[in-house]
Amino acid sequence: MFFAYMALRPAAGTLSPESRLTLWRGVLGRFFPWVWACIIVLLASGYGMIFLYLGGFAGARLSIHVMQGIGIVMMALFAHLFFAPWRRFADTVDAKHFPEAAKHLDQIRRIVAINLSLGLITIIVGASGRFW
């Protein structure tokens, strides 16, 4: 998310609207399957550690519960992004309705910004949680 928001977005801004939106269609179309895979790995590894090493939720520190809560919100935001704005964006780019596609890409950008912020908060919680 950081790469897309902080590096690709500014670099793509120099392209024509049609080229920029087509680029984003290709990048996100390849990126989102990896996001789904990461969600599965994060859930499996996180809950595996909770149940195998911490003895369940009762043995987890507050920071673990906070990270889990933020992670669930992030996953819900991504699921919404994938099944609503992304689908509309991909369809409008494929149909070459670029002004409408730009509106959907802006929705995606806002959700990614929120998820990026939540991800950074989760890193801070994870890194500092043992001191709580």
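Numbering starts at 1 and runs along the sequence shown.
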- request: Indicate yes or no: at least one non-hydrogen side-chain atom of Ile114 is less than 4.5 angstrom from one of Met74.
  value: no
- request: Decide side chain to side chain contact (heavy atoms under 4.5 Å, CB included) for Val125 and Trp132; before the verdict, give the C-alpha distance in whole Å, the side-chain angles of both, and the deciding distance to 0.1 Å.
  value: CA-CA 9 Å; Val125 170; Trp132 296 13; 3.8 Å; yes
task: Treating Ile, Leu, Val, Met, Phe, Trp and Tyr as nodes and any side-chain heavy-atom pair under 4.5 angstrom as an edge, say whether Val73 and Ile124 lie in one connected cluster.
output: no
Nearest heavy-atom neighbours spanning Pro33 and Leu28: CD-O, 4.4 Å
message: Could you check whether Thr22 and Ser19, counting side-chain N and O atoms only, form a donor-acceptor pair closer than 3.5 Å?
response: no
Backbone N/O of Gly26 and side chain of Arg30: donor-acceptor pair under 3.5 Å: yes
message: Whether the side chain of Arg61 engages the backbone of Arg130 through a donor-acceptor N/O pair (distance < 3.5 Å, no angle test) should be reported.
response: yes
query: Under a 4.5 Å side-chain heavy-atom rule over Ile, Leu, Val, Met, Phe, Trp and Tyr, are Val27 and Met6 clustered together?
result: yes
- request: Check the pair Arg25, Asp94 against side chain to side chain contact (heavy atoms under 4.5 Å, CB included), reporting the backbone distance first and the verdict last.
  value: CA-CA 9 Å; Arg25 167 73 169 93; Asp94 292 345; 3.1 Å; yes
field: Taking every non-hydrogen atom, the tightest pair across Ile111 and Pro85
entry: CD1-CG, 4.1 Å
query: Would Val66 and Met49 show up in the same hydrophobic cluster when neighbours are defined by side-chain heavy atoms closer than 4.5 Å?
result: no
query: Can you tell if the side chain of Val93 reaches within under 4.5 Å of the side chain of Leu105, non-hydrogen atoms only?
result: no
field: Spacing of CG belonging to Leu77 relative to CD1 belonging to Ile72, to within rounding of 0.5 Å
entry: 12.5 Å
message: Between Thr122 and Leu118 (side chain of the first, backbone of the second, donor and acceptor by atom type, cut-off under 3.5 Å), is there such a pair?
response: yes
- request: Could you tell me the separation between the CE atom of Met67 and the CD1 atom of Ile121, rounded to the nearest 0.5 Å?
  value: 13.5 Å
task: State plainly whether one hydrophobic cluster holds both Tyr53 and Phe57, where clusters connect Ile, Leu, Val, Met, Phe, Trp and Tyr through side-chain heavy atoms under 4.5 angstrom apart.
output: no
query: Is Leu42 reachable from Ile50 through a run of hydrophobic residues whose side-chain heavy atoms are each under 4.5 Å from the next?
result: no
query: Once you round to the nearest 0.5 Å, how far does NE2 of His97 lie from NZ of Lys103?
result: 12.5 Å
- prompt: So Phe32 and Leu81, side chain to side chain contact (heavy atoms under 4.5 Å, CB included) or not? Walk me through it.
  reply: CA-CA 10 Å; Phe32 286 160; Leu81 179 152; 3.3 Å; yes
- line: Heavy-atom closest pair (Phe51 atom, Gly56 atom, distance to 0.1 Å) is CD2-CA, 3.7 Å
query: Within a reach of under 6.0 Å around CZ of Phe83, are more than 12 heavy atoms found that belong to other residues, nucleotides or ligands?
result: yes
- prompt: Would one find more than 12 heavy atoms of other residues, nucleotides or ligands at under 6.0 Å from atom CH2 of Trp34?
  reply: no
message: Less than 4.5 Å apart, side chain to side chain, heavy atoms only: is that true for Trp86 and His80?
response: no
query: Would you say the side chain of Phe31 lies within less than 4.5 Å of the side chain of Phe3, judging by non-hydrogen atoms?
result: no
query: Hey, are the side chains of Lys96 and Phe98 touching, using non-hydrogen atoms and a 4.5 Å cut-off?
result: yes
- request: Write out all pairs satisfying salt bridge (charged side-chain N to carboxylate O under 4.0 Å, His left out) with one or both partners inside residues 110-127, taking only residues at least two apart or from two chains.
  value: Asp106-Arg110
- line: Of all heavy-atom pairs linking Ile39 and Phe78, the shortest is CD1-CD2, 3.7 Å
- prompt: Should Arg20 and Thr14 count as side-chain neighbours, where that means a heavy-atom distance under 4.5 Å?
  reply: no
query: Can you tell me how far CG of Leu21 sits from CG of Leu15, rounded to the nearest 0.5 angstrom?
result: 10.0 Å
message: To the nearest 0.5 Å, what is the distance between CZ on Arg88 and CD1 on Ile108?
response: 9.0 Å
- request: Kindly state whether the ring of Trp24 and the ring of Phe89 have centres lying under 6.0 angstrom apart.
  value: no
- request: With the side chain counted from C-beta on, respond yes when Met75 and Leu43 share a heavy-atom pair under 4.5 Å apart, and no when they do not.
  value: yes
